[in-house]
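Written out below as structure tokens is the structure these notes cover.
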Amino acid sequence: MSLILKNLGRKVNHSWIIHKLNLKVDKGECLALLGPSGCGKSSTLRLIAGLDKPDEGSILIGGEDVTNISPVKRKVGMVFQSYALFPHLSVAANLSLGLKVRGVSEVEQKKRVFAILELMKLEKFAIRLPAQLSGGQRQRVALARALLRDPLIYLLDEPMSNLDAQLREDLRPEIRTLILGGNKPVIYVTHDQHEAMAMANKIAILNEGVLEQVGTPKELYENPSSLFVAKFIGRPQINIIEERKEELKCIRPEDIKFKSNGLRAKLEYKEWLGSEQLILFKTSKGSIKMLCKGSDEIPEDAYIGWAQDKEHYFNKKTGYRVNKLLKY
Amino acid sequence: MISLLLIPASLLIFLVFGMPLIRYVWLSFHASSVITGLIPIPNNGGNWIRLINDLRFWQDTIQTIRFSFVSVTIEIVLALFIALILDQSCKGRGVVRSLTLLPWALPTTIMALGWRWIFNTPYGPIDQLLNHLNIGSLNILSSPNLTWIATVIADVWKTTPFVALILLAGLQTIPEDLYEAFRLEGGTPIQALTKITIPLLKPYIFLGILFRMAQAFGVFDLIQVMTGGGPASSTESIAMYAYINAMRFLDFGYSATVMLGGFILLIISSFTCFILVYHSTNVQEKITS
């Protein structure tokens with residue numbers, strides 16, 4: 001069972017919001033669709049779910065073309081960003097509504113809802129209304145509903161963007177074991193690179209509806225195929241040290257080191273972040289960010305440099321990578 | 001201290017609303033007519049005893065309730081359909097929405113005159129049509145069993161847009177992704193209507209009922225212009241009866257009693273609606289959260 005997107009495209013007001021998108025997600029694999037807002041990642045998810053129709057290309061689930069099949073028959077388990085829980089129904093009723101409309105018998109409904117409530121540790125909240133739950137509990141109900149659907153694929157649309165940072169971290173392992181352990185393709189939409197790297201085996205970076213790069217988080221970090229990917233993955237953002245006519249030379253802040261015979265740098269400011277600190281140096285080649293240990297002493301005047309094999313080169317006009325793949 | 005700031009507003013409300021009401025109550029315990037030379041003389045609740053035994057008042061009450069109940073019910077059902085249509089996104093939606101509201105924006109007297117003409121025998125279009133179909137004239141505005149239906153039709157025509165507007169506002173508070181989630185679960189559009197839209201629209205439906213009941217109970221202008229309460233008082237409302245007592249019979253004491261009687265009935269019916277609204281407001285809170 002795998003999900004394949006072939007040449008997928010969608011037009012809104014005569015312009016492509018998704019164009020020529022090709023992706024493959026195997027069973028048990030979690031693909032994160034990552035990109036800035038408006039890059040088409042949620043639209044892609046809606047196309048896969050069948051909520052919107054593509055203007056081009058096709059969608060295959062388990063080898064079967066589902067492009068023109070209704071959303072119900074695609075059997076997708078979707079978690080909405082807003083959770084989309086029915087506000088007038090209790091948690092148990094929220095979960096059983098889908099079963100009811102699909103004609104599952106009442107006894108079976110009760111059995112399955114109870115089992116999922118137990119699995120998600122939501123038994124106590126069965127008769128509560130969504131408004132009486134905390135954000136994290138609502139999110140769990142939304143997950144429970146997706147699990148209960150027993151879908152062929154999981155679609156998660158920024159499932160944790162409404163939660164605070166602490167709760168997000170707490171929920172990550174739970175989502176991973178529940179959904180990623182299901183041996184089904186999972187698509188996870190997010191604009192948070194940390195979340196994408198933590199959750200996904202593969203990340204696809206979208207930029208204005210076009211796929212920039214797809215690969216493991218490590219591949220994307222070490223060998224970004226374009227300047228856009230290089231800027232999007234890795235915090236703090238990659239340094240652009242403009243040098244040659246047609247190319248941009250970029251070095252990640254964490255690859256910058258103190259070097260006695262290096263570039264002369266004047267300390268502009270520093271952010272102490274605990275285990276590490278972010279330093280901004282002013283040099284003859286512009287401002288350069290550097291990431292070093294929190295315990296390091298930072299002199300006002302320093303000499304900095306980097307290893308040659310940590311240099312990334314991108315074409316100035318197209319933004320594509322120019323130099324060979326780096327080995328970290 | 002803040003409560004001091006409420007005094008001007010409370011005073012204004014008391015002067016324009018409280019004072020007349022108190023005056024009405026006071027007047028309803030006095031005989032004040034041409035016979036007394038329009039001087040109020042206490043009559044020990046004689047007006048109220050007369051009201052309880054006044055068959056015309058009870059007939060008007062039944063007619064007012066019949067008018068209110070039938071027209072509000074039809075309005076809610078029709079308005080729900082109209083609101084569902086207006087909620088669809090399509091080209092020229094703004095124009096259609098404004099056009100739909102037009103009957104409501106029209107002054108009642110003007111539209112009532114129009115409807116009187118439509119139901120006119122033998123020149124009105126409905127009579128003409130019935131004649132063409134060889135059914136023959138129904139004498140709609142002169143048969144006591146039919147005239148009230150004509151007033152209901154006119155009222156429905158005028159006020160359905162108002163209810164539709166309230167329901168449309170309610171529909172727009174329902175997030176689109178609820179429908180999408182339901183669709184993914186396998187729900188049909190009809191099931192979406194009965195299992196999501198109507199339950200979530202409940203507070204707005206009750207709000208519409210409350211507003212419309214209060215208005216329909218005090219109906220005056222529409223009936224005055226369309227039928228004048230006739231034929232044979234068959235369309236007369238409580239408000240009209242109070243008006244007749246004051247302006248035709250110059251019996252202000254009894255008119256005040258009739259008005260208060262109607263007011264009490266209105267409070268009872270509105271209160272019933274309010275309890276229903278109260279029980280569904282918690283649903284509304286859930287939508288907004």
Side-chain angles (χ1 to χ4, degrees), chain A residues 42 45-46 48-52 69-91 93-104 109 128-135 138 141-142 144-155 157-158 162, chain B residues 76 80 83-84 87-94 166-167 169-209 275-289:
Chain A
S42 284
L45 209 65
R46 292 176 58 85
I48 300 169
L51 295 169
D52 291 327
I69 283 179
S70 75
V72 203
K73 289 183 187 147
R74 297 187 190 191
K75 286 189 76 178
V76 296
M78 186 154 171
V79 176
F80 287 79
Q81 186 176 2
S82 63
Y83 313 139
L85 300 177
F86 307 115
H88 56 297
L89 297 177
S90 69
V91 169
N94 256 289
L95 295 175
S96 60
L97 185 63
L99 297 173
K100 201 194 265 175
V101 297
R102 288 198 298 276
V104 175
Q109 273 179 41
R128 291 231 196 135
L129 291 165
Q132 296 161 327
L133 300 176
S134 70
R138 273 182 233 178
V141 178
R145 191 169 63 182
L147 286 168
L148 200 59
R149 182 76 176 87
D150 192 23
L152 300 175
I153 47 171
Y154 285 105
L155 304 173
D157 188 2
E158 309 221 10
N162 287 339
Chain B
I76 295 285
L80 182 61
L84 286 170
D87 196 36
Q88 304 298 315
S89 49
C90 61
K91 266 188 187 170
R93 177 167 74 166
I166 293 177
L167 297 188
L171 280 179
Q172 288 178 344
T173 64
I174 305 177
E176 192 56 37
D177 50 15
L178 290 188
Y179 294 109
E180 288 174 348
F182 192 61
R183 236 172 98 203
L184 292 180
E185 293 273 351
T188 62
I190 304 258
Q191 283 172 328
L193 182 71
T194 57
K195 297 211 185 303
I196 299 173
T197 311
I198 291 177
L200 288 178
L201 217 52
K202 243 163 138 187
Y204 297 89
I205 292 174
F206 284 128
L207 192 70
I209 292 174
I275 288 171
L276 294 172
V277 174
Y278 186 80
H279 276 291
S280 56
T281 37
N282 43 2
V283 176
Q284 197 180 359
E285 281 159 21
K286 278 157 227 153
I287 301 169
T288 48
S289 70

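Lettering of chains follows the sequences in order, A, B, ..., and the numbering in each one begins at 1.
Minimum interatomic distance between L200(B) and H88(A) (heavy atoms only, all atoms of both residues): CD2-ND1, 3.5 Å. Summarising the geometry of P87(A) relative to L178(B), their closest heavy-atom pair is CD-CD1, 3.6 Å, with the distance given to 0.1 Å. Nearest heavy-atom pair across L184(B) and P71(A) is CD2-CB, 3.6 Å. Minimum interatomic distance between R145(A) and E185(B) (heavy atoms only, all atoms of both residues): CG-OE2, 3.1 Å.
Contacts of Y179(B) with chain A are absent, with no heavy-atom separation under 4.5 Å from either backbone or side chain. Contacts of E180(B) with chain A are made by both backbone and side-chain atoms, with heavy-atom separations under 4.5 Å. In this structure, chain B has a heavy atom under 4.5 Å from the side chain of F80(A), while its backbone stays farther away.
In this structure, L89(A) and P199(B) have side chains that are not in contact, with every pair of non-hydrogen atoms separated by 4.5 Å or more.
Rounding to the nearest 0.5 Å gives a distance of 6.5 Å between CD1 of I196(B) and CG of L97(A).
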